[in-house]
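Quick note: numbers below take in every heavy atom, side chains included, and nothing from hydrogens, waters or symmetry partners. What you see is a predicted model, and the numbers here were worked out from it, not measured in a lab.
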Amino acid sequence: ASIGSARGSCLAMDSPASSARKQRAARTDTTELPQPMACSSADELVSHVGEICRSLQQPVRTEELWEERALAMRRLHALLLGGAAQHEQFARLANSDLAAPLALQLTDRRSKCIKIACLAAGEVAARLGAGFAEGASVLLPSLLRLLRGAAPSVVVASADGCIRALVRHTLAPELLPPLVAGATARGGAAALRG
């Protein structure tokens with residue numbers, strides 16, 4: 001009996017590496033909204049967005065960096081919840097600096113990274129509205145590729161939701177031709193037809 005109880009107590013204890021993994025997993029959890037993060041000045045916002053962009057421009061296929069990229073996207077979401085879109089410069093930063101790195105995240109093999117990128121892009125569109133039309137145009141081709149491929153259903157659902165958010169909030173007419181082409185193409189995205 002003492003051997004069994006000793007074995008049970010060893011299993012219950014977390015190693016430092018296991019504990020660190022659990023903490024990182026909690027920070028990259030896509031089911032909970034991040035805590036809002038306010039910026040007191042435009043300079044602080046530019047600094048945060050620059051750090052986020054640097055993290056998102058890391059190689060997508062590198063196994064060790066996916067958590068850092070996921071945390072950067074969660075930080076972007078936290079900035080939006082904290083009112084970053086109310087700063088005049090945020091629309092310019094979102095269109096010129098953030099759109100391409102976010103589109104890069106949509107090429108990742110990890111469904112968690114794709115899901116976080118879709119959530120962040122949808123939140124940017126919701127906060128900026130028509131001010132994110134240029135960024136939406138950058139993201140749309142990558143999102144449509146996710147719908148056309150043999151992606152897992154969680155990825156397809158995230159991409160479909162993001163496309164719907166981009167169209168609903170930006171009201172950008174330049175998004176319509178690629179959407180129509182994607183919906184009518186042979187073997188096209190069934191999700192777009194729904």
Side-chain angles (χ1 to χ4, degrees), residues 17-87 89-129 131-132 135-136 138-140 142-143 146 151-166 169-170:
S18 173
S19 178
R21 268 193 304 273
K22 287 180 183 176
Q23 288 175 347
R24 281 193 306 266
R27 289 190 309 240
T28 60
D29 183 19
T30 58
T31 59
E32 289 186 26
L33 287 177
Q35 291 295 318
M37 192 168 125
C39 289
S40 58
S41 69
D43 291 338
E44 184 181 359
L45 177 66
V46 169
S47 174
H48 282 301
V49 170
E51 290 172 17
I52 290 168
C53 288
R54 280 188 291 283
S55 293
L56 295 182
Q57 290 170 340
Q58 307 240 3
V60 176
R61 304 285 189 230
T62 306
E63 183 67 27
E64 305 82 44
L65 299 175
W66 80 268
E67 288 174 332
E68 182 181 338
R69 291 182 293 104
L71 288 173
M73 289 182 282
R74 296 272 299 163
R75 201 161 96 204
L76 170 60
H77 200 165
L79 284 170
L80 288 163
L81 294 175
Q86 295 171 352
H87 288 274
Q89 293 179 325
F90 187 74
R92 180 188 55 79
L93 292 169
N95 286 300
S96 65
D97 296 352
L98 280 171
L102 272 176
L104 179 64
Q105 303 317 301
L106 298 172
T107 65
D108 198 335
R109 289 187 179 140
R110 289 190 173 274
S111 59
K112 187 176 238 179
C113 281
I114 293 170
K115 188 174 180 179
I116 296 171
C118 288
L119 289 171
E123 189 68 29
V124 172
R127 302 292 172 145
L128 291 179
F132 192 56
V138 171
L139 291 167
L140 189 61
S142 298
L143 289 164
L146 289 173
S153 61
V154 68
V155 169
V156 171
S158 295
D160 182 62
C162 186
I163 290 170
R164 290 174 190 271
L166 293 176
H169 296 297
T170 65

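- In terms of modelled atom types and a separation under 3.5 Å, the side chain of N95 and the main chain of A91 share a donor-acceptor contact.
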Task: Audit row: S55, L71, side chain to side chain contact (heavy atoms under 4.5 Å, CB included) steps and yes/no - done: CA-CA 9 Å; S55 293; L71 288 173; over 6 Å; no

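- The CD1 atom of I116 lies 9.5 Å from the OG atom of S111; values are rounded to the nearest 0.5 Å.
- Q58 pairs by the side-chain hydrogen bond (donor to acceptor under 3.5 Å, both in side chains) definition with E68, not counting sequence neighbours.
- Under a cut-off of 6.0 angstrom, the local environment of CZ in R92 is crowded, with over 12 non-hydrogen atoms contributed by other residues, nucleotides or ligands.
- G135 and A99 get closest at one heavy-atom pair: CA-CB, 3.7 Å.
- Side chains of L143 and L166 form a contact here, defined as non-hydrogen atoms less than 4.5 Å apart.
- Once rounded to the nearest 0.5 Å, the distance linking SG of C39 with CD of Q86 reads 11.0 Å.
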Task: side chain to side chain contact (heavy atoms under 4.5 Å, CB included) between L98 and L76, intermediate numbers included - done: CA-CA 9 Å; L98 280 171; L76 170 60; 3.7 Å; yes

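- Put simply, the side chain of S47 never gets that close to the backbone of D43: no donor and acceptor are under 3.5 Å apart.
- For the pair L80 and A85, the tightest heavy-atom approach, listed with the atom from each and the gap, is CD2-CB, 4.4 Å.
- Few gaps surround CD on E51; more than 12 heavy atoms of other groups in view lie less than 6.0 Å from it.
- No donor-acceptor pair closer than 3.5 Å links the side chain of H48 to the backbone N or O of M37.
- Between H169 and L128 the shortest side-chain heavy-atom distance does not fall below 4.5 Å.
- Here L56 contributes atom CG and L104 contributes atom CG; the two are 8.0 Å apart, rounded to the nearest 0.5 Å.
- The structure places CG of L79 at 11.0 Å from CZ of R127, a figure rounded to the nearest 0.5 Å.
- Sorted by first and then second residue, the pairs that involve residues 96-108 and meet side-chain hydrogen bond (donor to acceptor under 3.5 Å, both in side chains), not counting sequence neighbours, are R69-Q105, R69-D108.
- Side chains of E123 and L81 form a contact here, defined as non-hydrogen atoms less than 4.5 Å apart.
- Among all heavy-atom pairs drawn from T170 and G129, the shortest one is CG2-O, 3.3 Å.
- With sequence neighbours excluded, no residue satisfies side-chain hydrogen bond (donor to acceptor under 3.5 Å, both in side chains) with Q35.
- At least one side-chain heavy atom of F132 sits less than 4.5 Å from a side-chain heavy atom of L139.
- In terms of heavy atoms, A120 sits closest to M73 at CB-O, 4.2 Å.
- The two residues P101 and Q57 make their nearest non-hydrogen contact at CG-NE2, 3.8 Å.
- Summarising the geometry of C162 relative to C118, their closest heavy-atom pair is SG-O, 3.6 Å, with the distance given to 0.1 Å.
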